[in-house]
> 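Please see the structure below; I have some questions.
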Amino acid sequence: PGKGRGVFAAQGIAEGTFLGSYDGEVLDGAQFARRYGDRDVPEYVVRIDGDAYIDGKVAAQGDAYTPALFNDGGARSNVVRYC
């Protein structure tokens, strides 16, 4: 709540439906550390594996639809990522 635009479905979506590709800048661990330091993984950044991240911040700030706006974590998770 209160974090921004979010994405809401106007109808039910079948389990397993592909909802889109996560767009953003690909960062390795060193680039991520320079940009974000020791903080937890920030909003709109998806950790792909031990040393690869996608920073979707720019995509999330645009006007177009992006999976970066999905609720994919926490107690109310409704989307599962597959990398």
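Owing to the predicted nature of the structure, the values given are computational and were not obtained by experimental measurement.
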> Please check if Ile54 and Val58 belong to a single hydrophobic cluster, counting links between Ile, Leu, Val, Met, Phe, Trp and Tyr side chain heavy atoms closer than 4.5 Å.
no

> The test is side-chain contact (heavy atoms from CB on, under 4.5 Å); show your working for Val45 and Phe32 and say whether it passes.
CA-CA 10 Å; Val45 174; Phe32 176 85; 3.9 Å; yes

> May I have the step-by-step check of side-chain contact (heavy atoms from CB on, under 4.5 Å) for Tyr53 and Ile48, ending in yes or no?
CA-CA 5 Å; Tyr53 302 81; Ile48 300 171; over 6 Å; no

> Is there a side-chain contact between Tyr36 and Asp55 (heavy atoms, below 4.5 Å)?
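Result yes, sub-4.5 Å side-chain heavy-atom pair found.
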
> Could you give the distance from CD (Glu15) to OG1 (Thr17), rounded to the nearest 0.5 Å?
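Output value for this atom pair is 9.0 Å.
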
> Hey, mind stepping through Glu25 and Arg35 against side-chain contact (heavy atoms from CB on, under 4.5 Å) and telling me if it holds?
CA-CA 12 Å; Glu25 183 180 2; Arg35 183 172 295 177; 2.9 Å; yes

> Hey, what do you get for CG (Leu27) to CZ (Arg47), rounding to the nearest 0.5 Å?
12.5 Å

